[in-house]
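See below for the structure under consideration.
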Amino acid sequence: MYSRENNLAALVKIQYRYKLHAFINHFFHMVIVHVFALLMSAGGTMSTGTGLAGGVMLTVKGYSADILIVFSFLWIFLTAIITTTKEYRNMDFALVSNRLSGNLSNILFLLTASLLGAISATLGGILLRLVVYFFRSDVSINPANFVVPPQVLFLTILVAALYLVLFGSAGYLAGTLAQVNKLFAVLLPVLFLGSLIYDVNNNQGRVYGSIAGFFFKEASLALLAVKILVVATAFFCLAIVLSNRLEVRK
Amino acid sequence: MVAFPFFLILMVIFALLVRLGGLSLGRGRLKVVLMAYALVLAASLAVLYMLPPDRFDRRTRLSSNEFNRIMDLGSRAYTAAAEGRLDEMPEVLGLRKWEFELDGETLALSTTGERAFHLMVVAERKKEADGLVEVTYHATPTLLDGIDVTGDLKPPDVEMKNGVLRISMPGDYQVEIGQFIREFIISPLLDNENREEGFPRTVIGAQILRVKVPANARVEPGKAVIDFIDRTGE
């Protein structure tokens with residue numbers, strides 16, 4: 001005999017397993033996004049320290065996996081939005097489910113996708129190093145930061161996963177809002193872009209800068225994790241509450 | 001303005017992803033693609049730790065203390081060269097040497113090239129009348145953005161023909177260094193070491209060509225600007 005909680009946990013587990021297989025397309029999209037980002041990064045992201053002395057013109061070209069990471073944020077954000085669409089919600093009816101188990105299994109899927117996206121983006125940075133090493137024979141490589149120590153590799157994966165959870169939760173909330181009322185599908189991007197342009201034009205981007213700085217300038221890993229997990233949990237909870245209202249309405 | 005093309009690219013990717021929402025290769029092929037990608041990533045990690053270091057840049061980065069030590073070395077080297085005291089400065093590097101036999105007793109000098117004015121030519125009459133012209137290219141460290149590029153300096157081309165020592169300086173040339181930068185998401189967590197910014201980090205070092213001529217030789221500088229040191233009386 002199952003208790004109600006055990007029943008929910010079992011439902012979530014079944015749905016989560018089902019979605020891992022059914023949503024495999026999203027990982028293919030991730031590969032495409034990462035390959036595109038790799039191609040963009042292979043030419044170098046910026047040039048610094050250019051100068052001329054004694055006839056030597058020195059150019060220091062910077063390479064990093066930043067584009068891979070930013071594109072991963074975009075990928076998880078869009079994946080989260082897509083999982084809230086009617087087409088994807090209808091997949092829940094293929095199994096015995098309720099709205100809560102559907103939401104929880106979606107969230108579990110997004111957490112898994114965040115972890116896999118973080119691993120892929122971080123290792124993509126390693127692949128970028130090899131691309132530069134083997135295919136840019138004209139570039140002399142500074143060994144600093146080229147070989148990544150294992151602890152830095154794990155830290156990058158962990159931090160990237162945390163940010164992907166944050167962006168995934170934001171996408172899930174935005175997608176749920178758009179499902180509650182289609183007006184949000186137009187209103188949210190307009191509000192975001194409008195306020196961003198207004199902030200850049202009138203405050204030199206201070207408001208958005210301080211929101212980004214709240215996360216991206218945090219120097220303590222523990223504090224960063226707490227900040228992200230609190231905000232992501234709030235976003236996911238709000239999305240669950242809103243989607244329950246959606247069920248009542250329809 | 002730089003952000004605009006980036007946003008444009010993001011919008012294109014956004015549109016592509018929305019289109020890709022309905023794209024599928026078929027489950028079997030998808031799994032193969034994902035497995036292949038995972039394998040490439042895993043293999044790249046293994047290969048990274050096995051790479052031979054021969055492609056790595058060996059130029060050194062100088063700290064502010066080292067920078068201060070060599071900052072005025074160039075001007076001191078020029079003074080020492082003009083006064084014939086270059087041997088007293090072991091920090092001044094001898095990067096290249098030539099030796100020519102002098103037919104007759106007159107050595108004419110000729111300097112050409114875009115950067116000839118960067119080079120100080122010092123002629124020095126030796127104590128010995130050995131018929132040999134010894135030429136040495138000296139330099140002090142040249143730094144660009146804190147990176148020591150002294151090893152990249154191309155010495156002048158020096159040749160002797162019919163009693164004329166032709167000195168030709170090469171034109172400007174480019175050196176590119178690839179620098180991997182820590183990902184922005186972890187740099188606030190790790191980059192707490194001193195970056196030593198806020199001080200000028202470029203030093204144009206001295207470039208000196210020292211021409212030692214036999215005691216009995218006469219030097220005709222022509223249009224070349226040279227300093228002359230006579231050691232026959234010492």
Let's go through Asn145(A) and Ile181(B) carefully: what are the C-alpha distance in whole Å and the side-chain angles of both, what is the deciding distance for side-chain contact (heavy atoms from CB on, under 4.5 Å) to 0.1 Å, and is it a yes or a no? CA-CA 7 Å; Asn145(A) 293 335; Ile181(B) 302 156; 5.7 Å; no
Side chain / backbone / both / neither for [X] at chain B, heavy atoms under 4.5 Å:
X	result
Leu116(A)	neither
Ser120(A)	both
Ala22(A)	backbone
Ile24(A)	both
Tyr163(A)	side chain
Pro150(A)	both
Glu87(A)	neither
Phe23(A)	neither

Between atom [atom1] of [X] and atom [atom2] of [Y], what is the distance when rounded to the nearest 0.5 Å?
X	Y	atom1	atom2	result
Ile69(A)	Ile185(B)	CD1	CD1	4.0 Å
Thr122(A)	Glu183(B)	OG1	CD	7.0 Å
Leu45(B)	Ile126(A)	CG	CD1	6.0 Å
Asp66(A)	Ser187(B)	CG	OG	7.5 Å
Leu130(A)	Leu48(B)	CG	CG	6.0 Å

If one checks every heavy atom of Tyr37(B) against chain A at 4.5 Å, the contacting part turns out to be side chain
Which atoms of Leu34(B) come close to chain A, meaning under 4.5 Å heavy atom to heavy atom: side chain ones, backbone ones, both, or neither?
->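 Interface part for Leu34(B): side chain.
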Using a cut-off of under 4.5 Å for heavy-atom pairs, which of [options] has the most such pairs with chain B?
options	value
Ile141(A), Leu123(A), Val159(A)	Ile141(A)
Val147(A), Thr156(A), Leu158(A), Val152(A)	Thr156(A)
Leu162(A), Leu155(A), Leu221(A), Thr85(A)	Leu155(A)

Contact leader toward chain A among Val47(B), Leu51(B), Val40(B), where contacts are heavy-atom pairs under 4.5 Å: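 Highest number of pairs under 4.5 Å: Leu51(B).
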Answer key: most heavy-atom pairs under 4.5 Å with chain A among Ala43(B), Gly178(B), Ala38(B) is Gly178(B)
Phe180(B) and side chain to side chain contact (heavy atoms under 4.5 Å, CB included): which partner among Val132(A), Val148(A), Asn142(A)?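 Exactly one option meets the side chain to side chain contact (heavy atoms under 4.5 Å, CB included) with Phe180(B), and it is Val132(A).
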Should the heavy atoms of other residues, nucleotides or ligands under 6.0 Å from [atom1] of [X] be counted, would the total exceed 12?
X	atom1	answer
Lys227(A)	NZ	yes
Phe216(A)	CZ	yes
Tyr49(B)	OH	yes

Exercise for review: For the residue pair Val70(A) and Phe184(B), establish whether any side-chain heavy-atom pair is separated by less than 4.5 Å.
Suggested key: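 Yes - at least one pair of side-chain heavy atoms lies under 4.5 Å apart.
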Report task. Considering non-hydrogen atoms only, spot the tightest contact between Leu127(A) and Leu41(B) and give its length. Result ->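 Leu127(A) and Leu41(B) have their closest heavy atoms at CD2-CD2, 4.2 Å.
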| request: Classify the ring geometry between Phe56(B) and Phe146(A) as parallel (under 30°), tilted (30 to 60°) or perpendicular (over 60°). | output: perpendicular
